[in-house]
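A, B, ... follow the sequence lines: proteins, then strands. Residue 1 opens every chain.
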Amino acid sequence: MTFKSIIDEIENNLNKILDDLSISDVKFSVEPAKPGFGDVSSNVTFLLAKQLKKSPKEISEMLSEKYSQCISALVSKPESHPSGYLNFYADWPKLNQLILSESNLPEFGDVDIGKNSTIVVEHTSVNPNKALHIGHIRNIIIGDTVSRILQKANYKVNVLNYVDDSGLQVADIIVGFKHFGYEIEPPEGKKFDHYCGDDVYVKTTEKYEQDSSLEEIRKNVLKELEDGNSETAQFADKITRRVLSNQLETCWNLSVSYDCLNFESQIIRSGLWDGIFEKLKEMNLVEFENDGKNVGCWVIRGDGKEEDKVIVRSNGTATYIAKDIPYAAWKLGLLDDPFHYEKYEKEQPNSRVLWQTTLNDSAFVSQNFSGDKVITVIDSRQARLQKIITSLMGKFKSIPDAYVHLGYESVTLSSDTAKVLGIETDGKQAQMSGRKGLYVNADSVYDLLKEKTTEETKKRHPEMDDSEIEKISHAVSVATLRYEMIKQDLDKIIAFDLTKSLSLEGDTAPYIQYTHARASRILEKSGRDSSIDVDFSLLREQSEIDLVKTIGLFNLQVRDAANNLSPKVISRYCHDLAVAFNSFYEKSKVLDLGDERLENSRLCLVHSFKITIEKALNLLGITAPDKM
RNA sequence: GGACUCGUUGCAUAGCUUGGAUAGUGCGAACGCUUGCGGAGCGUUAGGUCGCCGGUUCGAAUCCGGUCGGGUCCGCCA
């Protein structure tokens, strides 16, 4: 039981009062109050104004009067506000005890939205021909954070990474290696994925532009890749596996992990497409064009003014979007699973088992990574295609909203950062481009952050050994990067600026982590274990009550975040918690008060804060060191 | 041309789903706080016709329509 207890109590009592007045069907709200208006507010008075032909003010006076007659465990008094609102004041000694005791349980903050059903979250899904840049990182962090939140909301989450290991982007680096003479081994000290992206890919595509006759080579390589048994395809497989391995290192370093890797090449060879294509024909969801501009193609009819979408070309081959259809259906468990499963060759740092699909019959392990619902994290430039997939899946699966495209705006480069990379943009932000080499690699940003945080930490703790410094600066760097990627709304463009991204003050992860370190320090210095067997009525300063209240809101925030698939809700909550603690820290001393009972009560509060912020940060994939 | 999306203070952003009270936060600016549990902190001040016009409503940053400005998407590419 948390702050929600008092909300529920008020809601029940108000319903009873309305019953007595023979009023029904009023959907009023009961919410945590804005600061300065008590603890809980209801808008019920406004909603009744018309029906009762009275002003909200009169109604709130009447309801407040009636409410005083109700049995209430947690409300100390109702209050009619001149604005017409009906506000409530909590009985804090009781609520303190309720919230602070509860906060010590491991499951504090859990909500049951998923009812233990399975849900698939697909994210990352990058071509394995280059290193991950910060644009990819936004996708990855959103996906990972949403997965963590859904798990807290009692979903069984299967996290998938769709490895796009066929097609043009892969063909291009193969051309570079096989025809333009690039060495297989990267130069000393360079990661293979960086080498493939920064050197082989960028320079190979440059060459096409200079000499268009080279396009012929590209086409041939693409063709060779289609035959899985060709020497070229086997070579490409080796290369992409190696890049993938490097990309995964980047992800793991950011505390991101997966359950299963799916490979586009295998989906193509699995025959899944043929099955779903037959199904689409049977259900009349695709049509064959006998004339018009798409003559000879199979198309999906456009919605309203939208154009028809070709899914099978007149030469019989499937288009890009067509490949997504069987995968989407597979994720929803609508198709017989053609895959076997084997463990990925490297272990993930958190020991979560990572599987990968294979078409090799010698692996007999079967697994099920499908879900009742599917969330696909892809940037909103693909919204149109995803809308088509969503609509098709809606026809295959009866559960409403079974397939959700979780879109987000892209990461661009600030004009200053673009300039550093050699592009003059006239003060405007610039779209990143892998082909043009216009991007900032995730590893580079991490390295810069690491350098800065290491320096900072050393300055503050000259006594610390290198391995401890390393641990702290790693935690702070990962946190900073992750927090910056989710703290704003998904549909807001992030104009990434190298200099500004290194900021460690204000609304940043280090601010929150620092707050946690302060709490840890108090607990450490106290020299005793905190207990919940304390006098809760001693916590009556405003800053103390505000902190308890914020702690008590945890599960409501998780509910909000899960319902709206909105990571930023949790990042804001973490920030709010930190602000509440810092305000408490400034106003209420905990140690050396000469009053052991008060000290124990405050220590209990500090401890509750510490474990709650740890749980909340964990949802963001952030750990908070005890010292920093 | 059509569709989607964003527009809140110098800059960046929350609140919009579910309309009500004083539009919250960070950066930047000015000033202040440390023999005290960690200053990656705290406090004070300045800065807002919530793009514009209209509609619905007792009440609109929030809902609806229009309009302007930025971004994105609209291929038998992926």
Side-chain angles (χ1 to χ4, degrees), chain A residues 27-29 31 33-37 41 43 45-47 49-50 55-56 81-85 87 127 164 166-171 264 289 293-299 302-307 309-321 323 379-385 387 407 409-410 412 428-429 431 453 456-457 460-461 476 487-489 491-495 497 500 503-515 517-526 560 563-564 566 568 572 575-576 578-579 582-583 585-593 602 606 627-628:
Chain A
K27 285 207 172 117
F28 57 89
S29 70
E31 291 171 332
K34 283 195 207 176
F37 296 104
S41 297
N43 68 350
T45 52
F46 295 101
L47 303 180
K50 196 172 250 178
S55 73
H81 189 269
S83 62
Y85 261 103
N87 296 329
N127 287 111
D164 202 350
S166 50
L168 263 188
Q169 296 216 16
V170 170
E264 183 180 63
E289 292 286 63
K293 65 171 185 171
N294 294 327
V295 61
C297 301
W298 288 89
V299 304
D303 208 18
K305 287 175 185 165
E306 283 164 26
E307 297 271 320
K309 190 78 207 165
V310 172
I311 64 163
V312 175
R313 302 184 185 101
S314 52
N315 67 6
T317 57
T319 58
Y320 171 72
I321 180 177
K323 292 178 211 162
D379 93 68
S380 46
R381 281 178 291 200
Q382 302 235 26
R384 184 150 253 143
L385 295 181
K387 199 181 148 206
E409 269 297 343
S410 49
T412 63
K428 287 185 179 168
Q429 44 186 267
Q431 290 287 332
T453 52
E456 281 291 322
T457 313
R460 284 154 211 262
H461 299 281
V476 176
K487 78 172 179 188
Q488 60 282 78
D489 205 81
D491 47 30
K492 234 121 195 179
I493 296 168
I494 296 180
D497 187 280
K500 287 182 186 156
S503 160
L504 308 174
E505 290 166 9
D507 183 11
T508 65
Y511 168 82
I512 300 166
Q513 289 172 310
Y514 179 75
T515 311
R518 278 177 147 181
S520 300
R521 189 79 176 128
I522 293 175
L523 293 169
E524 185 198 321
K525 278 199 127 180
S526 77
D560 188 13
N563 280 333
N564 295 302
S566 181
K568 72 157 187 238
R572 296 195 68 76
H575 184 256
D576 289 348
V579 168
N582 278 328
S583 162
Y585 183 91
E586 209 66 26
K587 285 170 194 146
S588 309
K589 212 167 142 44
V590 177
L591 302 176
D592 305 323
L593 298 174
R602 288 187 177 166
V606 173
K627 291 180 188 170
M628 61 184 276

Problem set entry | A:R572 vs A:K309, nearer the 5' end of RNA chain B by closest nucleotide | A:R572

If you measure from the [atom1] atom in [N] to the same atom in [M], how many Å do you get, rounded?
| N | M | atom1 | result |
| --- | --- | --- | --- |
| B:rG65 | B:rU45 | P | 42 Å |
| B:rU22 | B:rU18 | P | 24 Å |
| B:rG24 | B:rG32 | P | 26 Å |
| B:rC50 | B:rU62 | C1' | 10 Å |

Exercise. Taking any atom under 4.0 angstrom from a heavy atom of chain A, which nucleotides of RNA chain B are the first and last to qualify, 5' to 3'?
Worked result: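 The footprint of chain A covers B:rG2 to B:rA78.
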
Between atom [atom1] of [X] and atom [atom2] of [Y], what is the distance when rounded to the nearest 0.5 Å?
| X | Y | atom1 | atom2 | result |
| --- | --- | --- | --- | --- |
| A:N87 | A:F37 | CG | CZ | 7.5 Å |
| A:Q488 | A:E409 | CD | CD | 11.5 Å |
| A:Y514 | A:L504 | OH | CG | 13.0 Å |
| A:L523 | A:R521 | CG | CZ | 11.5 Å |

Exercise. Cut-off 3.5 Å, side chains only: do A:N582 and A:Y511 have a donor facing an acceptor?
Worked result: yes

Problem set entry | Stems involving RNA chain B, each a run of at least 3 consecutive Watson-Crick or G-U pairs under 3.5 Å |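 In RNA chain B, stems of three or more pairs: B:1-7 with B:68-74, B:10-13 with B:24-27, B:29-33 with B:41-45, B:51-55 with B:63-67.
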
Quick one: label [X] by what it contacts on the DNA or RNA (base, sugar-phosphate, nothing), any heavy atom closer than 4.0 Å.
| X | result |
| --- | --- |
| A:E505 | sugar-phosphate |
| A:D489 | sugar-phosphate |
| A:N564 | base |

Exercise. So does A:E289 have more than 12 non-hydrogen atoms from other groups sitting under 6.0 Å from CD?
Worked result: yes

